[in-house]
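What follows is a set of notes on a single structure, which appears directly below.
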Amino acid sequence: MQGFSAGMLRHVMDVETSTVTRDAVGEPIDTWASVARVRAACESLSGKELLIGAKVNAAADTKITVRYHPEIVPEARMRWGSRIFDINH
């Protein structure tokens, strides 16, 4: 996507980072907390299904374009409704 207009950023996504909280007895629990809400353009690139053991796993590559935001780092993830995207680049 060479250069883009604001109109292309039509999806609203949450940026989430991993946090560790404690339960009632003090055990650590890994959770994800939303740290920012950004507008994004989403483009499906490819998809595939893998048969591993007796289970079918689906994988899809999606290109998400956003404006710069300091909270978007490789350790974070993006959430769009119920869909979760890992950040690779």
Side-chain angles (χ1 to χ4, degrees):
M1 189 181 302
Q2 293 289 350
F4 58 94
S5 65
M8 298 175 88
L9 304 176
R10 65 178 190 258
H11 305 292
V12 178
M13 302 182 82
D14 291 316
V15 180
E16 298 179 337
T17 58
S18 178
T19 60
V20 177
T21 59
R22 303 273 178 186
D23 64 9
V25 294
E27 293 292 319
I29 300 172
D30 291 327
T31 59
W32 290 88
S34 180
V35 294
R37 182 163 278 185
V38 296
R39 299 202 61 87
C42 298
E43 177 184 353
S44 294
L45 300 178
S46 66
K48 58 187 169 216
E49 289 184 347
L50 305 169
L51 181 61
I52 300 175
K55 184 178 177 186
V56 175
N57 292 326
D61 290 331
T62 304
K63 178 180 178 182
I64 299 172
T65 304
V66 297
R67 289 195 167 100
Y68 172 79
H69 194 286
E71 297 291 340
I72 300 175
V73 293
E75 297 80 25
R77 71 181 188 182
M78 305 287 288
R79 178 183 294 271
W80 181 24
S82 63
R83 297 176 66 186
I84 296 172
F85 301 92
D86 292 326
I87 299 173
N88 293 327
H89 299 285

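Owing to the predicted nature of the structure, the values given are computational and were not obtained by experimental measurement.
Heavy-atom minimum distance, Leu9 versus Thr65: CD2-O, 3.4 Å.
A cation-pi arrangement is absent between Arg79 and Trp32 under the rule of less than 6.0 angstrom and at most 45 degrees off the ring axis.
Within the model, atoms CZ of Arg77 and CD of Glu16 stand 4.5 Å from one another, a figure rounded to the nearest 0.5 Å. Note: Arg67 CZ to Ile72 CD1 = 12.0 Å, rounded to the nearest 0.5 Å.
Between Met13 and Ile64 the shortest side-chain heavy-atom distance falls below 4.5 Å. In this structure, Arg22 and Pro28 have side chains that are in contact, with non-hydrogen atoms separated by less than 4.5 Å. Looking only at side-chain heavy atoms (C-beta outward), Ile87 and Met78 come within less than 4.5 Å of each other.
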- Task: Go through the steps to decide whether Val12 and Arg37 satisfy the test side chain to side chain contact (heavy atoms under 4.5 Å, CB included), and finish with yes or no.
- Result: CA-CA 7 Å; Val12 178; Arg37 182 163 278 185; 3.3 Å; yes
